[in-house]
Each structure stands twice: as C-alpha cells, then as structure tokens.
Amino acid sequence: MILIDGKKAAAELRAVLKQEVTELKAKHNKVPGLTVILIGDLTPSQIYVRNKEKSANEVGLKSEVIKYPDSVEEKTVLEKIRELNSDKTVSGILVQLPLPKHIDKQKVIEAIHPSKDVDGFHPMNVGNLSSGYESSIPCTPLGCYLLIKKFEPNLNGKKAVVVGRSNLNGKPMTQLLLKENCTVTITHSKTKDLKAECLEADIIVAAVGIPELVRGDWVKKDAIVIDVGINKTDKGIVGDVHFEEVSKNARALTPVPGGVGPMTIACLLKNTIDCFKRSQI
Ligand code: NAD
C-alpha cells in the first residue's frame with residue numbers, strides 16, 4: 001500500500017506558489033492579498049486562521065485577519081465585506097465558519113464578490129464548477145483532487161464513490177471527478193448499502209464525520225482511498241476510514257492527520273493567487 005503524503009504534496013505546492021508570487025510581484029509590482037474575517041473566540045477557528053495566516057506569509061502573500069467579537073452585528077460584517085470587495089489590494093476574502101447563530105451564513109457567502117471568493121462557496125462559483133467553467137473551487141475537495149491526480153493522472157472511466165454530500169466537500173468533489181470522466185456515485189446517510197457501493201469503487205473519497213466508517217472489507221483491492229474526515233476520539237484524531245484495515249486492501253490511502261488537511265490550506269493560497277491572476281487580465 002502506498003501512503004499518499006499530503007504534507008509533502010502541500011509543501012511542494014507551496015514551493016511552486018511561492019515562486020509564482022515572486023514572478024507576479026516582479027511583473028505587477030504587487031502581491032496577492034488574502035483577508036480572513038474571524039468572528040468569535042472558538043478555539044478550532046482561531047487555530048485554523050492562525051495556520052492560514054502563517055502559510056500565506058510563508059509563500060509571500062499579503063495577509064490580514066479582521067477579528068470581531070461573537071456579538072458583532074450582521075450588518076457590520078456585511079459592510080466590511082462590501083468594503084473589501086472594492087479594495088484593490090485584496091484578492092481573496094474568507095469568512096471563517098461556523099458563524100454565530102444570529103448571522104446568516106448564506107447572506108455572508110453571497111456578499112463576497114465571486115471573483116474574491118477563495119472558498120468557492122458563492123452560488124456563482126458553485127454553478128460555474130458544475131457547468132465546467134472556470135471558478136474558485138472549495139479548498140478541501142480541490143486538495144483531494146490534486147492528491148488523486150498526482151497519484152493517478154488519468155482517471156478516464158474510473159468508478160468513483162464519494163461518501164457524504166455536503167456543499168463543502170461531497171458535492172464539489174463529485175463535480176471534479178465528473179470533469180475527469182469518472183463514473184461517480186454520491187452516497188449519503190440515506191444510502192441503502194454503503195458497503196456494496198464502496199466495493200464497486202476504484203476511487204473512494206470519504207467526507208462524512210463518522211470515525212472509521214469505511215472498513216477494510218468495503219474496499220476493493222487496488223482502490224485509491226482519500227480520507228477527508230477529522231474526528232476527535234479517545235484515541236486521538238482519526239479519519240472517516242479505518243486506517244489499519246483499509247491499508248491492507250487499498251492501493252493507496254491518505255493518512256489522518258497528514259493527508260488532506262495540509263492540502264486544504266495550500267489550496268486556499270492557490271485560490272488566492274488564482275483570483276489575483278484573473279483580476280489582472
Ligand atoms: P457534513 O456534516 O456537512 O456532511 C456529512 C455528510 O455525510 C452528509 O452529506 C451526510 O449525508 C453524510 N453521512 C452522514 N452519515 C452517513 C452515513 N452513515 N453514511 C454515509 N453518509 C453519511 O460534513 P463535512 O463538512 O463534509 O465534513 C466531513 C468530515 O470532513 C468531517 O470529519 C470534517 O471534520 C472533515 N473536514 C476535513 C477537512 C480537511 O481539511 N481535511 C475540511 C473540512 C471538513
């Protein structure tokens with residue numbers, strides 16, 4: 001079994017992006033800028049944002065974090081987003097989720113101009129992705145896609161099973177695999193026989209949030225298995241795939257941690273640079 005090393009792949013991607021930023025700076029005399037809005041004091045969100053800022057600085061992006069307390073009014077956040085939409089030094093805007101209950105997530109997502117939507121959540125980007133047009137692509141599925149393509153460049157006709165249908169992961173993942181001419185099955189909590197579906201797959205992407213859901217005898221020999229899950233358990237952080245069992249069958253598997261996670265942040269930097277490049281045309 002081959003371990004798909006997301007940490008290494010992310011470091012390689014960051015090195016390419018750093019070079020790209022240097023070239024963009026030489027050409028345009030400015031660098032792409034990422035602004036993150038962080039609301040409240042949830043510890044995981046603070047850690048994610050800190051990591052995003054650190055990685056952005058590492059590749060030479062201009063990065064800024066705007067912090068608001070939990071009690072901030074929705075209209076204050078929407079006004080700030082409008083201001084950032086027209087700020088030429090800002091290439092990408094990200095509002096860290098989850099949001100406090102009194103703030104409407106969809107309103108916030110739709111307030112970000114699609115050309116600065118580095119998360120790829122704006123309906124315009126969702127529509128463009130599903131129509132096969134250029135768009136920002138949500139960072140985690142983009143990271144999974146790059147890992148799969150690095151391992152298996154030609155996905156023509158492969159059978160792929162995506163477990164989970166969230167807007168964040170499962171649905172955009174399905175679109176990316178379709179674009180690569182896979183035959184894709186998207187499964188979810190109401191799927192009748194998940195094991196039987198998975199046993200058909202050359203590629204499995206698990207994005208569910210249930211520790212070790214995908215078992216060894218669910219996986220065909222030679223399958224590529226991508227584990228998106230990050231689940232806190234008594235034995236530490238585990239994925240949605242039973243690593244020990246599945247590693248005995250699969251051809252390739254991503255570990256948790258050190259698989260998809262590091263690629264997610266690297267893809268956020270890639271999306272910021274891509275937004276900048278599109279804005280210079
Ligand atoms: P979500 O809760 O929004 O969606 C989960 C999906 O799983 C739903 O579509 C649901 O129908 C499906 N599901 C639930 N029970 C199921 C079952 N028994 N069988 C089949 N499908 C079932 O979750 P999400 O936001 O997509 O996140 C999924 C996991 O990915 C979580 O563990 C999350 O922490 C992790 N995650 C990781 C990264 C990363 O960078 N690695 C990024 C985002 C999310």
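Because only heavy atoms are used, hydrogens play no part in the values below, and waters and symmetry mates are left out as well, while side chains stay in. Both ligands and their constituent atoms are indexed starting at 1 by order of listing.
Residue Leu194 places no N or O, backbone or side chain, under 3.5 Å from any N or O of ligand 1. Residue-to-ligand polar distances place Arg165 within reach of ligand 1: an N/O pair is separated by less than 3.5 Å. Checked against a 3.5 angstrom limit, the closest N/O atoms of Val228 and ligand 1 fall inside it. The distance criterion of under 3.5 Å between nitrogen or oxygen atoms is not met by Asp240 with respect to ligand 1.
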Go through Glu12 and Lys7 one step at a time and tell me if the salt bridge (charged side-chain N to carboxylate O under 4.0 Å, His left out) criterion holds. CA-CA 9 Å; Glu12 286 167 7; Lys7 230 173 159 177; over 6 Å; no
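Of all protein heavy atoms, the one lying nearest to atom 44 (C) of ligand 1 is Asn169 ND2, 3.5 Å. Looking at atom 29 (C) of ligand 1, its nearest protein heavy atom turns out to be Gly209 N, 3.6 Å. Protein heavy atom closest to atom 1 (P) of ligand 1, with residue, atom name and distance, is Ser166 CB, 4.0 Å. The nearest protein atom to atom 10 (C) of ligand 1, hydrogens excluded, is given as Ser189 N, 4.1 Å; this is a heavy-atom distance. In terms of protein heavy atoms, atom 21 (N) of ligand 1 is closest to His188 C, 3.1 Å. Here the protein heavy atom with the shortest distance to atom 42 (C) of ligand 1 is Thr140 OG1, 3.2 Å.
The pair Asp217-Lys195 meets the salt-bridge criterion, since a charged nitrogen lies less than 4.0 angstrom from a carboxylate oxygen. In summary, Lys220 and Glu200 do not engage in a salt bridge, as defined by a charged side-chain N under 4.0 Å from a carboxylate O. A salt bridge links Lys270 with Asp274: the closest approach of a Lys/Arg side-chain nitrogen to an acidic carboxylate oxygen falls below 4.0 angstrom. A salt bridge does not link Lys18 to Glu58: none of the charged side-chain nitrogens sits closer than 4.0 Å to a carboxylate oxygen. Salt bridge present: Glu20 and Lys277 bring a charged side-chain N and a carboxylate O closer than 4.0 Å. Taking the charged nitrogens against the carboxylate oxygens, Arg82 and Glu79 have no contact shorter than 4.0 Å, which rules out a salt bridge.
Within the 4.0 Å heavy-atom criterion, both parts of Ile230, backbone and side chain, lie near ligand 1. When non-hydrogen atoms are compared, ligand 1 lies under 4.0 Å from the side chain of Ile210 (C-beta onward) but not from its backbone. Proximity of Leu168 to ligand 1, defined as any heavy-atom pair under 4.0 Å, is confined to the side chain (atoms from C-beta onward).
Two different hydrophobic clusters hold Met263 and Ile230 under the rule that ILVMFWY side chains link at heavy-atom gaps under 4.5 Å. Val59 and Val65 fall into different hydrophobic clusters, where Ile, Leu, Val, Met, Phe, Trp and Tyr are joined by side-chain heavy atoms under 4.5 Å apart, directly or via other members.
Between the side chain of Asn154 and the backbone N or O of Lys149 there is no donor-acceptor pair closer than 3.5 Å.
For the atom pair SG (Cys267) and CG (Leu142), the distance works out to 4.0 Å, reported to the nearest 0.5 Å.
Ligand 1 lies less than 4.0 angstrom from a heavy atom belonging to Gly261. Ligand 1 lies within reach of Asn231, whose nearest heavy atom is under 4.0 Å from it.
Closest heavy-atom approach to atom 14 (C) of ligand 1 among the candidates Ile186, Val208, Leu97, Thr254: Val208.
In the vicinity of Thr264, heavy-atom distances shorter than 4.0 Å reach the ligand 1 atoms 39 (C), 40 (O). Per-residue contacts place Val260 under 4.0 angstrom from the following atoms of ligand 1 (heavy atoms of the residue considered): 41 (N). For ligand 1, the atoms lying closer than 4.0 Å to a non-hydrogen atom of Gly164 are 6 (C), 7 (O), 9 (O), 12 (C).
Contact between Gly259 and Thr254 at its shortest, heavy atoms only, is CA-CB, 4.2 Å.
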